[in-house]
Structure formats: structure tokens, C-alpha cells
Amino acid sequence: MDQLVKMGNDMVLLWNNYSDMYLNGIKSTLLLALIATVIGCIIGFACGTLNTIPCGKHDPLPKRFLLKLVRAVVRIYVEVFRGTPMVLQAVFIYYGLPYFSGNTLRFSNMWAAAILVVSINTGAYMAESVRGGILSIDPGQTEGAKALGMTHVQTMTRVILPQALRNIMPQIGNNFIINVKDTSVMFIIGFTEFFSAHRYITGVNNLYFPSAAIEMAGYLIMTLSASLLLRWVEKRMDGSDSYELAQADPLTMAAGTYRHPSHGSPYDEHHKEHTTGGC
């Protein structure tokens, strides 16, 4: 019990002395995770869509060759960045460019380097999630869109991708939460975020464990808040469970579009015209 009290006192002391540094680290962590997740989703949607472009033996040879080449490049990108740790990716990108270019190519902005690393890593994971989300949509949706005369681009943007987006929303949220935690490896290139603030503070006062407890609580609060927010977004995307279809003119009502079952419609057996004296 005495040790717990001592740790609590040390945590209060650290927070009183370094709260600005901790809060700035939290701000940088959340901002980096958010920007990288958005860019990574864009990369993932592009790669996932390219991987699902239909290609048959009757298509022109240049199209088949180009699609196979693009898919091979995407596959290599996905496997490399999913199969290696982000900390090593940061080292190769940040320190590799000056090494191979004779120091002519280098990052002058630490934010640009960190965003690039986390975004590319996120995009590799999102590419497979998007591909799975697209494949999860009923093929009848695509066939129906083609029957209406839609092109492949129109089918994807207006029919398939909006539904796929809802299906992969949990994975997008999961990647954001992962990025909140994984930005801690950016200290390897000198980026100042929440974990690097902890490293600096413990280097000054040697209170490693109390500072680590503050870090643990901070990351937990960030991830729990993100989870609650993302669940709220998912519910908003689902829409209302109870609704009525309003019709200005009953003659325009298409087959299969009815009001709420308990209310009935002018065309079914629940309507009062069919229950009071009709034939």
C-alpha cells in the first residue's frame, strides 16, 4: 500500500511539472494517427479497388497486362508493409533516402516523414480490408447496376463502395486505434509524440515507472474515447430502425415498397379497406 501511495504521489508530481509536455505529446499522437488513418484509407481504397477490377480473357491484351502489373505491384506493397515492423519501415524511409541518394534526398519536416510512414503502413492493411469489403457485397448489386447501364466506375462509386464502406467501418476504427498506439515508434526518427515525451521526462528525473503509468492511462483514455466515438458513427451510419415510407401519390408506389408492417398499405391485407367490408 505504501508503494501505491508513493507511486501516486510521484505521478502527481510528474503531472504538475510536465503536464504541458504530456498534453502536447497526446495532441501530436492523435493528430498524427488521424491524418495517417485518413491518408491510409485513401491508399487502401485505391489499392482495393484496383484489385477488384474485372478482367477476362476477352479483354484487350494491353488492359490485361496493365492490370496484372498493377496487381503485382499492389501485392508486393501489401506483403512488404504488412510483413515488417513499422519501426524498421521508419528507419528505412527516413534514413534510407539520404543513404542511397548521397544525402541529397532527406526529410526536412519531421511531420511529413512520420505521416508518410504511418500512412503507407495503414494503407497496406486497409487494401485487404477494402478488397474484402467489396467482395462481401452481393454480386447481384453489380449485375443490377450493369443492367441499368452503369459503367464499372459508376457501379463502384455509387453502388458498391458506399456499402463496402459501412462493412469495413469497424476495421477503419481498429486501424485508427492501432495507429494511436503505434505512433510511439516514431521516436526512432526523432518525432515528438506522447511516448517520446515520456522518454525525455524519465531521462531527466529517473521516475520511469510513475511516468509509464501516466503513459498507460493516457493511451487507454485515447483508445477508449476513440472506440466510443467510432461506435457512435457506426450507429449513425446504420440509420433508424423504425421508419415509414412516405408516398405523395399511391399510384407511384413501386412493387415491394410498403409502410411499416403494423400500419399496412393501400395494397395489402392489413389495410382497413380489406378488413372492413371489402370483397
Side-chain angles (χ1 to χ4, degrees), residues 1-41 81-98 106-126 172-231:
M1 183 61 69
D2 292 340
Q3 287 299 112
L4 289 177
V5 173
K6 183 178 183 303
M7 185 183 75
N9 292 333
D10 289 339
M11 291 173 64
V12 171
L13 176 64
L14 287 173
W15 184 258
N16 289 335
N17 292 335
Y18 302 102
S19 58
D20 290 342
M21 186 171 293
Y22 282 124
L23 291 174
N24 286 332
I26 290 174
K27 177 182 174 182
S28 298
T29 292
L30 290 174
L31 189 59
L32 174 59
L34 180 61
I35 295 173
T37 301
V38 171
I39 297 176
C41 286
F81 281 89
R82 285 200 312 172
T84 55
M86 189 189 292
V87 62
L88 292 180
Q89 295 167 15
V91 169
F92 269 77
I93 292 175
Y94 186 78
Y95 297 107
L97 282 177
R106 61 185 303 116
F107 286 97
S108 58
N109 189 312
M110 199 67 64
W111 271 94
I115 290 172
L116 178 63
V117 173
V118 183
S119 298
I120 293 177
N121 183 273
T122 303
Y125 285 94
M126 283 304 305
I172 294 175
N174 187 52
N175 279 327
F176 174 71
I177 291 172
I178 289 174
N179 285 340
V180 169
K181 297 180 294 182
D182 283 356
T183 52
S184 60
V185 304
M186 290 298 107
F187 76 89
I188 199 71
I189 61 174
F191 182 79
T192 303
E193 38 72 50
F194 194 32
F195 186 73
S196 65
H198 157 72
R199 287 169 55 86
Y200 172 81
I201 292 169
T202 55
V204 172
N205 53 44
N206 294 323
L207 295 175
Y208 196 93
F209 187 74
S211 181
I214 293 176
E215 291 280 310
M216 183 76 75
Y219 279 114
L220 188 59
I221 291 171
M222 286 190 283
T223 54
L224 288 177
S225 301
S227 297
L228 293 174
L229 178 61
L230 290 163
R231 285 173 186 164

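Among all heavy-atom pairs drawn from Ala36 and Val118, the shortest one is CB-CG1, 3.4 Å. Among all heavy-atom pairs drawn from Thr37 and Ala33, the shortest one is OG1-O, 2.6 Å. Between Asn205 and Tyr18, the closest heavy-atom pair is ND2-CE1, 3.4 Å. Shown here for Ala90 and Ile188, the closest heavy-atom pair between the two residues is CB-CG2, 4.0 Å. Closest approach of Ile201 and Tyr22 over heavy atoms only: CD1-CZ, 3.4 Å. When all heavy atoms of Glu215 and Phe194 are compared, the pair lying nearest together is OE2-O, 2.9 Å.
Residue pairs that meet the salt bridge (charged side-chain N to carboxylate O under 4.0 Å, His left out) test with at least one member in residues 8-26, sequence neighbours left out, are Lys6-Asp10.
Between Phe176 and Thr223, every side-chain heavy-atom pair lies at or beyond the 4.5 Å cut-off. Two residues are said to be in side-chain contact when any heavy atoms from C-beta on lie closer than 4.5 Å; Tyr95 and Ile189 meet this criterion.
With rounding to the nearest 0.5 angstrom, the OG1 atom of Thr183 is 12.0 Å from the CG atom of Leu34. Separating the CE atom in Met126 from the CD1 atom in Ile172 is a distance of 4.5 Å, to the nearest 0.5 Å. Here Asn175 contributes atom CG and Asp182 contributes atom CG; the two are 9.5 Å apart, rounded to the nearest 0.5 Å. Here Tyr125 contributes atom OH and Ile178 contributes atom CD1; the two are 7.5 Å apart, rounded to the nearest 0.5 Å. Put simply, CD1 on Ile93 and CG on Leu88 are 11.0 Å apart, with the number rounded to the nearest 0.5 Å. Atom-to-atom distance recorded for Ile214:CD1 and Leu207:CG is 9.0 Å, nearest 0.5 angstrom.
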Next item on the list: Kindly determine whether Trp111 and Leu32 satisfy side-chain contact (heavy atoms from CB on, under 4.5 Å), including the steps that lead there.
Entry: CA-CA 8 Å; Trp111 271 94; Leu32 174 59; 4.0 Å; yes
Margin query: Could you walk me through whether Thr192 and Ser28 satisfy the side-chain contact (heavy atoms from CB on, under 4.5 Å) test, starting with their C-alpha distance in whole Å, then the side-chain angles of each, then the deciding distance to 0.1 Å, before giving a yes or no?
Written below: CA-CA 7 Å; Thr192 303; Ser28 298; 5.8 Å; no
Checklist line | side-chain contact (heavy atoms from CB on, under 4.5 Å) between Met186 and Phe195, worked out | finding: CA-CA 9 Å; Met186 290 298 107; Phe195 186 73; over 6 Å; no
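When atom types are taken as modelled, the side chain of Ser211 and the backbone of Tyr208 share no donor-acceptor pair closer than 3.5 angstrom. Within the 3.5 Å criterion, the main-chain N or O of Ser196 finds a donor-acceptor partner in the side chain of Glu193. Looking only at distances, a side-chain donor or acceptor of Ser184 sits under 3.5 Å from a matching main-chain atom of Lys181.
Within 6.0 Å of CZ in Arg231 there are 12 or fewer heavy atoms belonging to other residues, nucleotides or ligands. Open room surrounds OH on Tyr200; 12 or fewer heavy atoms of other groups in view lie less than 6.0 Å from it. Heavy atoms of other residues, nucleotides or ligands lying less than 6.0 angstrom from CZ of Phe92 number 12 at most. Summarising the local packing, CE of Met7 is surrounded by more than 12 heavy atoms from other residues, nucleotides or ligands at distances under 6.0 Å.
Residues satisfying the side chain to side chain donor-acceptor pair (under 3.5 Å) criterion with Asn121, sequence neighbours excluded, are Gln89.
Checking each of Thr29, Leu30, Ile35, Thr122 against Asn179 for a side-chain contact (heavy atoms from CB on, under 4.5 Å) leaves exactly one that passes, namely Thr122.
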